[in-house]
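To keep things clear, I will list the structure first and then write my remarks on it.
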Amino acid sequence: AQKVTQAQTEISVVEKEDVTLDCVYETRDTTYYLFWYKQPPSGELVFLIRRNSFDEQNEISGRYSWNFQKSTSSFNFTITASQVVDSAVYFCALTSPLTTQGGSEKLVFGKGMKLTVNP
Amino acid sequence: DVKVTQSSRYLVKRTGEKVFLECVQDMDHENMFWYRQDPGLGLRLIYFSYDVKMKEKGDIPEGYSVSREKKERFSLILESASTNQTSMYLCASSFGGSYNEQFFGPGTRLTVL
């Protein structure tokens with residue numbers, strides 16, 4: 001069975017601090033995809049990044065960076081110099097072609113981590 | 001831009017009522033999904049659909065049904081609402097293929113009294 005664990009449920013930081021959100025996954029599939037989504041207070045989940053299992057390159061996008069390590073089954077997300085607008089719930093998710101049922105792809109989500117950035 | 005809209009942001013219903021939650025997407029996505037989100041439980045998949053008139057049960061389908069008569073519209077139906085169905089309901093859509101991200105609607109917060 002596929003599983004995503006976000007051990008931290010809630011983190012509170014002060015603006016400009018760096019913060020890392022942990023994500024550990026379990027899958028027996030060799031081909032899989034990992035995602036991070038952001039859910040701001042408005043409620044709508046927003047896609048941030050996708051990474052496939054064959055691409056272990058880390059990625060940086062502005063203040064956001066992602067560290068994918070197959071050896072530890074982790075896909076951690078770091079926000080550098082956090083800002084108040086980063087306050088949201090962040091979800092890590094996993095899917096693979098083998099989880100398909102009838103052609104549709106199921107995402108397995110972690111329980112989410114609430115980040116509060118205080119001014 | 002992809003847009004997923006849901007018929008209501010907030011809804012209050014009474015126990016036993018039949019409730020319809022509507023979701024519409026404008027990007028010709030094959031897949032559509034209904035989730036519910038509860039504190040401490042994250043997102044749980046209720047039903048999904050990979051084509052018109054096709055549907056598959058997710059992880060928690062009990063007490064729910066769905067309808068997809070047109071590609072752009074996916075409806076979630078609570079046949080007889082109960083208080084334990086008070087929750088945030090999120091609709092999503094995506095192109096086929098597990099590598100494709102899902103696009104989410106703003107959610108409907110349903111309260112069943």
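What you are looking at is a predicted structure, and each value in this text was computed from that prediction instead of being measured. To find a chain, count down the sequence lines: A is the first, B the second, and so on, and within it residues start at 1.
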Need one label for [X]: side chain, backbone, both or neither, based on atoms under 4.5 Å from any heavy atom in chain B.
{"X": "Ser42(A)", "value": "backbone"}
{"X": "Gln39(A)", "value": "side chain"}
{"X": "Tyr32(A)", "value": "neither"}

Discussion item. Rounded at 0.5 Å granularity, tell me how far OH in Tyr35(B) sits from CZ in Phe109(A).
Written reply: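 The distance works out to 4.5 Å.
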Worksheet item: Going from CZ on Phe35(A) to CG on Asn100(B), what distance comes out if it is rounded to the nearest 0.5 angstrom?
Response: 7.5 Å
Fill in: Region of Leu90(B) in contact with chain A, defined by heavy-atom distances below 4.5 Å
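Side chain only.
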Discussion item. Heavy-atom cut-off 4.5 Å, strictly under: side chain, backbone, both or neither for Arg9(B) against chain A?
Written reply: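 The side chain, not the backbone.
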Item to complete: Examine distances only and state if a side-chain atom of Tyr99(B) and a backbone atom of Arg50(A) form a donor-acceptor pair shorter than 3.5 Å.
Response: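 The answer is no, because no donor-acceptor pair under 3.5 Å joins these two groups.
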Discussion item. Just so I understand: if I count every heavy-atom pair under 4.5 Å between each of Lys114(A), Lys111(A), Gln6(A) and chain B, which residue has the most?
Written reply: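 Top count of heavy-atom pairs under 4.5 Å with chain B: Lys111(A).
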In terms of hydrophobic clustering (I, L, V, M, F, W, Y; side-chain heavy atoms under 4.5 Å; direct or indirect links), are [X] and [Y] co-clustered?
{"X": "Phe48(B)", "Y": "Phe47(A)", "value": "yes"}
{"X": "Leu21(B)", "Y": "Ile77(B)", "value": "no"}
{"X": "Val52(B)", "Y": "Met27(B)", "value": "no"}
{"X": "Val4(B)", "Y": "Val46(A)", "value": "no"}
{"X": "Val24(A)", "Y": "Ile11(A)", "value": "no"}

Discussion item. Measuring only between side-chain heavy atoms, which start at C-beta, is Leu43(B) closer than 4.5 Å to Leu107(A)?
Written reply: no
Worksheet item: Considering only heavy atoms from C-beta outward, does the side chain of Gln37(B) approach that of Phe91(A) to under 4.5 Å?
Response: yes
[atom1]/[X]: more than 12 non-hydrogen atoms of other groups inside 6.0 Å:
{"X": "Arg51(A)", "atom1": "CZ", "value": "yes"}
{"X": "Lys70(A)", "atom1": "NZ", "value": "yes"}
{"X": "Tyr10(B)", "atom1": "OH", "value": "no"}

